[in-house]
Amino acid sequence: MKIVYAGAMSIATGSELADAVLAYGLALTRAHQFDVVEVPFLDDRGEKRRASIMLGGGTLSSIECPTIGAELREPSTLADVQHRITRLDPPWLLPQGDGEHVPVFED
């Protein structure tokens, strides 16, 4: 599980979903575009709810938080966000694996 921080809002969601949301926010920022995604999250009582997050041009961050509970997964939402990313960025620019991939630009 990870906590995603978007502006004044923070939500606890699955690690894969959090990584996809951050990658999509980066792709939108690079393309000078905005979009809204709806993702599942766990509220303070541990109940699954949904949040809409506006992405593009803003600051997003996440932290790993394994103490929240079982990993939250929603394959259909993950696939939707990943599809939106590939519409904006070629696959070779996307973070891979541990998120440490950074494109190298020649001067």
Side-chain angles (χ1 to χ4, degrees):
M1 293 288 288
K2 288 187 177 180
I3 298 176
V4 174
Y5 296 92
M9 181 171 85
S10 63
I11 61 168
T13 192
S15 298
E16 288 181 328
L17 288 165
D19 293 344
V21 166
L22 266 62
Y24 187 40
L26 176 60
L28 286 165
T29 300
R30 287 179 177 156
H32 304 284
Q33 295 181 26
F34 296 88
D35 197 3
V36 175
V37 294
E38 188 176 287
V39 295
F41 73 99
L42 297 179
D43 67 13
D44 294 339
R45 295 183 305 249
E47 294 180 26
K48 186 176 173 181
R49 300 184 59 197
R50 299 194 74 73
S52 296
I53 304 172
M54 186 175 81
L55 301 174
T59 301
L60 289 175
S61 60
S62 71
I63 60 168
E64 194 171 331
C65 194
T67 61
I68 292 176
E71 187 70 22
L72 182 59
R73 298 185 197 289
E74 195 171 275
S76 60
T77 300
L78 180 61
D80 175 57
V81 174
Q82 290 172 333
H83 174 73
R84 293 181 193 205
I85 294 168
T86 57
R87 286 189 337 224
L88 293 171
D89 268 344
W92 58 269
L93 275 179
L94 301 178
Q96 302 294 318
D98 60 6
E100 295 296 317
H101 174 76
V102 178
V104 177
F105 299 97
E106 295 183 18
D107 293 324

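Just so it is clear, the structure is predicted and the values come from calculations on it, not from any experiment.
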Begin with the C-alpha distance, continue with both residues' side-chain angles, and end with the deciding distance and a verdict on side-chain contact (heavy atoms from CB on, under 4.5 Å) for T13 and M1. CA-CA 6 Å; T13 192; M1 293 288 288; 5.5 Å; no
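Atoms CD1 and CD1, from I3 and I11 in turn, are 10.0 Å apart once rounded to the nearest 0.5 Å. To the nearest 0.5 Å, atom CD of residue Q82 and atom CZ of residue R87 are 13.5 Å apart. Rounded to the nearest 0.5 angstrom, M9 CE and F41 CZ are separated by 7.5 Å. Atom OG of S15 is separated from atom CD of E71 by 4.0 Å, given to the nearest 0.5 angstrom. Here L60 contributes atom CG and Y24 contributes atom OH; the two are 12.0 Å apart, rounded to the nearest 0.5 Å.
No option in L26, T29, L28 other than L28 meets the side chain to side chain contact (heavy atoms under 4.5 Å, CB included) test with L88. If you run side chain to side chain contact (heavy atoms under 4.5 Å, CB included) between L55 and each of V21, V36, V81, only V21 comes through.
Listed by first then second residue, pairs satisfying side chain to side chain donor-acceptor pair (under 3.5 Å) with a partner in residues 1-10 read K2-D19, not counting sequence neighbours.
Of all the heavy atoms in A12 and L72, the pair that sits closest is O-CD2, 4.3 Å. In this structure, P40 and T77 approach most closely via the heavy-atom pair CD-CG2, 4.2 Å.
The hydrophobic cluster containing L42 also contains I63, counting ILVMFWY residues as joined when their side-chain heavy atoms lie under 4.5 angstrom apart, directly or transitively. Linking ILVMFWY residues whenever their side-chain heavy atoms come closer than 4.5 Å, directly or via other members, leaves L22 and L17 in distinct clusters.
Considering only residues two or more places apart in sequence or on other chains, R50 meets the salt bridge (Lys or Arg N to Asp or Glu O under 4.0 Å) condition with E38, E74.
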